[in-house]
Amino acid sequence: MRDFVHTSHAQRVVFGAGALAHLAREIDALGARRALVLSTPEQRAQAERVAAMLGAKAAGVFDRAVMHVPIETAREARELARRLDADCAVAIGGGSTTGLGKAIALDSGLPILAIPTTYAGSEMTPIYGLTEGGLKKTGKDVRVLPRTVIYDPELTRTLPVGLSVTSGINAIAHAAEGLYAQDSNPVMDLMAREGIAAIARALPAIRRQPDAIEARADALYGAWLCGSVLGGVGMALHHKLCHTLGGSFSLPHAEVHAVLLPHAVAFNAQAAPRAMTDIAQALGSATAPEGLQALARDNGAPHALKDIGMREADLDHAADLAVANPYWNPRPFGPAERDSIRALLQRAFDGDAPR
């Protein structure tokens with residue numbers, strides 16, 4: 001048995017088909033009276049449904065959440081919450097909306113209730129990100145951790161299959177990196193293996209029957225577990241690359257995860273053999289990198305950066321940014337490894353097999 005330290009975070013999780021019906025009860029449990037409802041423009045209708053459910057407890061709707069949380073949008077939402085005298089925020093949507101809620105909480109301390117409609121997992125973490133001047137900066141602060149999370153698989157039944165797959169692989173990325181994290185521990189390892197297996201089981205079923213509630217529940221269950229891993233231990237190379245490409249080159253978040261994950265895992269394979277075995281077994285594949293790329297490819301997710309808006313001319317700059325301030329990783333990737341990271345990005349750009 002290895003030595004470890006495990007820190008848990010206090011959150012209330014309400015999981016089940018139809019769980020959204022408990023929203024007003026959960027607002028009361030927070031001790032709140034006026035909720036600002038957050039969403040992306042595309043999910044305005046869902047936000048209005050939530051506001052209608054809250055009735056007099058709804059302070060208003062802010063529907064301008066976007067990827068990577070531009071600091072200007074965060075400031076606008078904070079000011080609206082102040083003007084409307086909101087004492088909590090309800091974030092319905094994916095990582096963009098949850099991220100906006102966190103940005104509000106960071107300065108104001110308002111409690112956040114998250115209602116995930118994708119599999120991003122950020123609702124389970126005290127990690128926040130803000131983009132300013134073309135650079136995405138991340139941090140960790142317990143003030144941004146949603147106090148309550150309502151997981152209702154019914155809300156994900158209409159999530160397009162393509163987004164379901166990339167969002168699910170985004171969640172798997174949290175668990176995969178958690179298995180070789182510097183501060184990994186047996187609790188997180190259990191959750192990571194179970195989370196990967198649940199999502200790997202769910203995605204092909206969702207592709208075959210998009211509205212299948214059991215598959216949707218499996219995926220959301222896996223997202224909860226993988227998100228908990230993201231909130232419990234540190235992340236490594238893969239997340240650094242995703243933050244770099246997403247924040248500095250405006251690439252779509254979930255798709256970047258789907259493309260890069262097999263390559264980042266392959267980079268770390270020799271340095272983290274136990275994690276590779278755990279990932280491969282959870283996927284039911286011969287190797288972890290091959291299994292991850294097959295999960296994406298076989299279920300219609302992109303597997304080349306050139307297909308999601310990356311320019312080949314920007315790969316050199318991306319490599320420079322990635323190694324300038326590296327995260328801890330089982331295989332170091334500082335400036336001395338710049339050429340290896342550049343080669344990894346080229347393989348990901350071309351859609352080659354990971355190695």
Trainee: How about Leu38 and Asp63: do any of their side-chain heavy atoms sit closer than 4.5 Å?
Mentor: no
Trainee: Indicate yes or no: at least one non-hydrogen side-chain atom of Thr40 is less than 4.5 angstrom from one of Val66.
Mentor: no
Trainee: When rounded to the nearest 0.5 angstrom, what is the spacing between CD in Gln43 and OG in Ser96?
Mentor: 9.0 Å
Trainee: I need the minimum non-hydrogen distance between Gln182 and Trp328, along with the two atoms involved.
Mentor: N-CZ3, 3.2 Å
Trainee: Side chains of His239 and His174: do they bring a donor and an acceptor to under 3.5 Å?
Mentor: yes
Trainee: Where the side chain of Ser250 meets the backbone of Gly246, is there a donor-acceptor pair that is under 3.5 Å apart?
Mentor: no
Trainee: Output side-chain donor-acceptor pairs under 3.5 Å for residues 346-355, partner residues at least two apart or in another chain, one line each.
Mentor:
from: Gln346; atom 1: OE1; to: Arg342; atom 2: NH1; distance (Å): 2.9
from: Gln346; atom 1: OE1; to: Arg342; atom 2: NH2; distance (Å): 3.4
from: Gln346; atom 1: NE2; to: Glu312; atom 2: OE2; distance (Å): 3.0
from: Gln346; atom 1: NE2; to: Asp350; atom 2: OD1; distance (Å): 3.4
from: Gln346; atom 1: NE2; to: Asp350; atom 2: OD2; distance (Å): 3.2
from: Arg347; atom 1: NH2; to: Arg355; atom 2: O; distance (Å): 3.2

Trainee: Hey, what do you get for CD (Glu194) to SG (Cys226), rounding to the nearest 0.5 Å?
Mentor: 9.5 Å
Trainee: After noting the C-alpha distance and the side-chain angles of Tyr151 and Val13, does the key distance pass the side-chain contact (heavy atoms from CB on, under 4.5 Å) rule?
Mentor: CA-CA 7 Å; Tyr151 286 107; Val13 172; 3.7 Å; yes
Trainee: Is there a side-chain contact between Ile71 and Thr131 (heavy atoms, below 4.5 Å)?
Mentor: no
Trainee: Other members of the hydrophobic cluster containing Ile115, with the 4.5 Å side-chain heavy-atom rule, please.
Mentor: Val14, Leu20, Leu23, Ile27, Leu30, Val37, Val50, Met53, Leu54, Val61, Val90, Ile92, Leu113, Ile150, Leu155
Trainee: May I ask you to decide if Asp152's main-chain N or O and Thr156's side chain share a donor-acceptor pair within less than 3.5 Å?
Mentor: no
Trainee: CZ of Arg78 to OG of Ser108: how many Å apart, nearest 0.5 Å?
Mentor: 7.5 Å
Trainee: Do Pro210 and Val161 have side-chain heavy atoms sitting under 4.5 Å apart?
Mentor: yes
Trainee: So, Asp85 and Arg33, do they make that salt bridge, N to O below 4.0 Å?
Mentor: yes
Trainee: Answer yes or no: is there a donor N or O on one side and an acceptor on the other, between the side chain of Glu123 and the main chain of Pro116, under 3.5 Å?
Mentor: no
Trainee: Does the side chain of Arg216 come under 3.5 Å of the side chain of Tyr221 through a donor N or O and an acceptor N or O?
Mentor: no
Trainee: For the hydrophobic clusters of this structure (ILVMFWY residues joined by side-chain heavy atoms under 4.5 Å, transitively), does one cluster hold both Leu261 and Leu344?
Mentor: no
Trainee: Which of parallel (below 30°), tilted (30 to 60°) and perpendicular (above 60°) describes His68 and His253?
Mentor: perpendicular
Trainee: Got a second to check how far Gln46's CD is from Arg49's CZ, nearest 0.5 Å?
Mentor: 7.5 Å
Trainee: For a side-chain contact (heavy atoms from CB on, under 4.5 Å) check, start with the C-alpha distance between Tyr119 and Ile172, then their side-chain angles and the critical distance, and finish with the verdict.
Mentor: CA-CA 9 Å; Tyr119 309 126; Ile172 286 176; over 6 Å; no
Trainee: Sub-3.5 Å donor-acceptor pair from the side chain of Ser184 to the main-chain atoms of Tyr180, do we have one?
Mentor: no
Trainee: Do we get Arg331 above Phe267's six-membered ring, with its NZ or CZ under 6.0 Å from the centre and within 45° of the axis?
Mentor: yes
Trainee: Going by the side chain to side chain contact (heavy atoms under 4.5 Å, CB included) test, name the single residue among Leu179, Leu295, Val229, Leu225 that passes it with Ile196.
Mentor: Leu179
Trainee: Apply the test side chain to side chain donor-acceptor pair (under 3.5 Å) to residues Glu290 and Thr287: give CA-CA distance (whole Å), side-chain angles for both, the deciding distance (0.1 Å), then the verdict.
Mentor: CA-CA 5 Å; Glu290 291 171 349; Thr287 72; 3.1 Å; yes
Trainee: In terms of side-chain geometry, is the basic nitrogen of Arg201 or Asp218 positioned less than 4.0 Å from the acidic oxygen of its partner?
Mentor: yes
Trainee: Same cluster or not: Met67 versus Leu100, using hydrophobic residues (I, L, V, M, F, W, Y) connected whenever any side-chain heavy atoms lie under 4.5 Å apart?
Mentor: no
Trainee: Do Glu79 and Arg75 sit within salt-bridge range, that is, some charged N less than 4.0 Å from a carboxylate O?
Mentor: no
Trainee: Kindly determine whether Asp314 and Arg311 satisfy salt bridge (charged side-chain N to carboxylate O under 4.0 Å, His left out), including the steps that lead there.
Mentor: CA-CA 5 Å; Asp314 289 331; Arg311 299 190 315 147; 3.0 Å; yes
Trainee: Go through it in stages, so that I can follow the logic: the residues are Arg34 and Asp87, the test is salt bridge (charged side-chain N to carboxylate O under 4.0 Å, His left out), and I'd like the CA-CA distance, side-chain angles, deciding distance and then a yes or no.
Mentor: CA-CA 6 Å; Arg34 285 176 62 79; Asp87 59 359; over 6 Å; no
Trainee: Would you kindly say whether His238 and His263 are connected by a side-chain donor-acceptor distance under 3.5 Å?
Mentor: no
Trainee: Report yes if the side chains of Arg297 and Asn299 come closer than 4.5 Å at any heavy-atom pair, otherwise no.
Mentor: no
Trainee: In this structure, which one of Lys140, Gln11, His9, Lys102 forms a side-chain hydrogen bond (donor to acceptor under 3.5 Å, both in side chains) with Thr125?
Mentor: Lys102
Trainee: Work out which heavy atom in Leu321 is nearest to a heavy atom in Ser248; give both atom names and the distance.
Mentor: CD1-OG, 3.7 Å
Trainee: Checking the side chain of Thr244 only, and the main-chain atoms of Lys240 only, is there a donor and an acceptor separated by less than 3.5 Å?
Mentor: yes
Trainee: Do Leu260 and Leu315 share a hydrophobic cluster (ILVMFWY, side-chain heavy atoms under 4.5 Å, transitive)?
Mentor: yes
Trainee: In terms of hydrophobic clusters joined by side-chain contacts under 4.5 Å, are Ile341 and Val256 together?
Mentor: yes
Trainee: Should Glu76 and Arg64 count as side-chain neighbours, where that means a heavy-atom distance under 4.5 Å?
Mentor: yes
Trainee: So, does Asn185 use its side chain to make a donor-acceptor pair with the main chain of Phe4 at under 3.5 Å?
Mentor: no
Trainee: What distance do Tyr128 atom OH and Ser122 atom OG have between them, rounded to the nearest 0.5 Å?
Mentor: 14.5 Å
Trainee: Looking at every heavy atom in both Ser167 and Ala254, which two are closest together, and how far apart are they?
Mentor: N-CB, 3.9 Å
Trainee: Between Asp189 and Arg2, is there a side-chain N and carboxylate O pair less than 4.0 Å apart?
Mentor: yes
Trainee: Do Leu159 and Thr117 have side chains that approach each other closer than 4.5 Å (heavy atoms only, starting at C-beta)?
Mentor: no
Trainee: Taking all non-hydrogen atoms of both residues, which atom of Leu283 and which atom of Gly291 are closest, and how far apart?
Mentor: CD1-C, 3.8 Å
Trainee: Take His6 and Met188 through the test side-chain contact (heavy atoms from CB on, under 4.5 Å) and record every step on the way to the result.
Mentor: CA-CA 8 Å; His6 172 61; Met188 293 293 103; 3.6 Å; yes
Trainee: Quick one: are Pro302 and Glu255 in side-chain contact, heavy atoms under 4.5 Å?
Mentor: yes
Trainee: To the nearest 0.5 Å, tell me how far Leu36 CG sits from Cys88 SG.
Mentor: 8.5 Å
Trainee: Nearest heavy-atom pair of Phe62 and Ala65: which atoms, and what distance?
Mentor: CE2-N, 4.5 Å
Trainee: I'd like to know if the side chain of Arg338 reaches the main chain of Val323, judged simply by a donor and an acceptor atom lying under 3.5 Å from each other, with no hydrogens or angles considered.
Mentor: no
Trainee: How far apart are the closest heavy atoms of Ala322 and Leu241, and which atoms are they?
Mentor: CB-CD2, 3.7 Å
Trainee: Are Ile169 and Leu305 grouped together when hydrophobic residues (ILVMFWY) are joined by side-chain heavy atoms under 4.5 angstrom apart?
Mentor: no
